[in-house]
Protein chains: 2
Amino acid sequence: MSFTELLPLTDVTACCAPLTRETISAEGADKLARTLKAIADPARLRLISMVAAHEDSEACVCDLTEPLGLGQPTVSHHLKILVDAGIFSRDKRGTWAYYRLVPGALDSIAQLLVTV
Amino acid sequence: MSFTELLPLTDVTACCAPLTRETISAEGADKLARTLKAIADPARLRLISMVAAHEDSEACVCDLTEPLGLGQPTVSHHLKILVDAGIFSRDKRGTWAYYRLVPGALDSIAQLLVTV
DNA sequence: CTCGTACATCGACGCTTGTCAATTTATCTG
DNA sequence: CAGATAAATTGACAAGCGTCGATGTACGAG
């Protein structure tokens with residue numbers, strides 16, 4: 001019963017209590033920190049923004065390497081981190097790998113930070 | 001002309017475009033990443049949560065050291081990072097330094113992540 | 001003025017992270 | 001099959017980060 005493909009790390013979604021509503025547990029803090037670390041990088045923020053802006057809201061590595069100004073292995077590395085964190089999904093079609101935002105992933109994170 | 005005390009790093013508030021609405025600039029990504037890095041740590045997430053839950057929504061270092069399970073210098077270090085990022089404000093009264101959430105700081109960050 | 005307390009700062013240490021060049025794996029084409 | 005292209009993986013390196021112990025600083029009590 002491998003949930004891994006269906007719910008990569010989106011247990012962030014499962015977690016509900018906003019940070020400031022009730023005291024977070026050490027484990028919860030660890031998990032949320034890991035997710036935030038995945039986003040807390042300039043290259044990865046730009047990747048998220050670029051993929052969202054790309055046509056059909058998806059992009060392959062070759063679309064991203066040159067505008068980002070980083071090497072292909074580095075871009076692949078960042079994309080893997082985002083996939084592992086449940087932010088991106090990966091769809092391999094032929095020789096290309098297409099990445100897109102997991103719907104609701106960023107919103108789930110945002111809801112944990114909000115205080116209102 | 002030192003803005004530093006008035007606008008620690010809350011230019012995050014000034015920034016408006018959610019990540020996925022328009023393509024973020026390299027500079028914008030850098031700034032947002034710095035802010036997110038300030039939050040993307042288990043100890044600091046717990047500090048945020050603990051301060052928000054504390055009576056009068058403020059706490060001094062001595063309130064936080066023991067429940068966090070970290071040394072006093074380490075806690076001071078984390079608090080400084082949160083203050084520099086504009087998440088916490090610091091108010092020294094007598095021998096004690098009281099920290100509290102900057103109103104709207106976390107919400108500003110959350111709004112940059114949201115996709116809806 | 002002296003002592004104790006609360007906090008900040010400094011220096012050092014190990015671990016993690018971002019990046020690259022080189023290599024490997026997978027897939028399509030002829 | 002051989003060759004070419006897209007992407008993932010590996011190994012290495014410098015830089016950054018979290019933590020601690022020791023020290024410095026500011027403030028209140030006596």
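A, B, ... follow the sequence lines: proteins, then strands. Residue 1 opens every chain.
Among the nucleotides C/dT9, D/dA7, C/dG18, the one closest to the side chain of B/Ser76 is C/dT9. The side chain of B/Tyr99 approaches C/dC7 more closely than any other nucleotide in the set C/dG18, D/dG21, C/dC7. Closest to the B/Thr95 side chain, of the nucleotides D/dT9, D/dG28, C/dT19, is D/dG28.
Residue order along DNA chain D, read from the 5' end via each residue's closest nucleotide, puts A/Thr74 first among A/Thr74 and A/Lys37.
Separating the CZ atom of A/Arg93 from the C1' atom of C/dA26 is a distance of 17 Å, rounded to the nearest angstrom. Rounded to an integer number of Å, the gap from CH2 of A/Trp96 to P of D/dT5 is 11 Å. For the pair A/His77 NE2 and D/dA12 C1', the computed distance is 14 Å after rounding to whole Å. The CD atom of B/Gln72 sits 15 Å away from the P atom of D/dA26 (whole-angstrom rounding). If you take CG of B/Leu47 and C1' of D/dT19, they are 14 Å apart, rounded to a whole angstrom. Going from atom CZ of A/Phe88 over to atom P of D/dA8 covers 13 Å, rounded to whole Å. To the nearest angstrom, C1' of D/dC17 lies 14 Å from CG of A/Asp41. Summarising the geometry, the separation between CG on A/Leu70 and C1' on D/dA7 is reported as 16 Å, rounded to the nearest angstrom.
With values rounded to the nearest 0.5 angstrom, A/His77 atom NE2 is found 8.5 Å from A/Lys80 atom NZ. Atom CG of A/Leu112 is separated from atom CD1 of B/Ile39 by 11.5 Å, given to the nearest 0.5 angstrom.
Contact annotation: A/His78 reaches the phosphate of C/dT19 (side-chain N/O to OP1 or OP2, under 4.0 Å).
Note on B/Lys80: only backbone sugar-phosphate atoms sit closer than 4.0 angstrom, heavy atoms only; bases stay farther off. Residue-level contact check: A/Arg90 touches the backbone only, with heavy atoms under 4.0 Å from sugar-phosphate atoms and none from bases.
No donor-acceptor distance shorter than 3.5 angstrom exists from the side chain of A/Arg21 to the backbone of A/Val114, with no hydrogens or angles considered.
A heavy-atom distance below 4.5 Å is found between the side chains of B/Val61 and B/Gln72.
When hydrophobic clusters are built by joining Ile, Leu, Val, Met, Phe, Trp and Tyr residues whose side-chain heavy atoms come closer than 4.5 Å, directly or via intermediates, A/Leu45 is grouped together with A/Met50.
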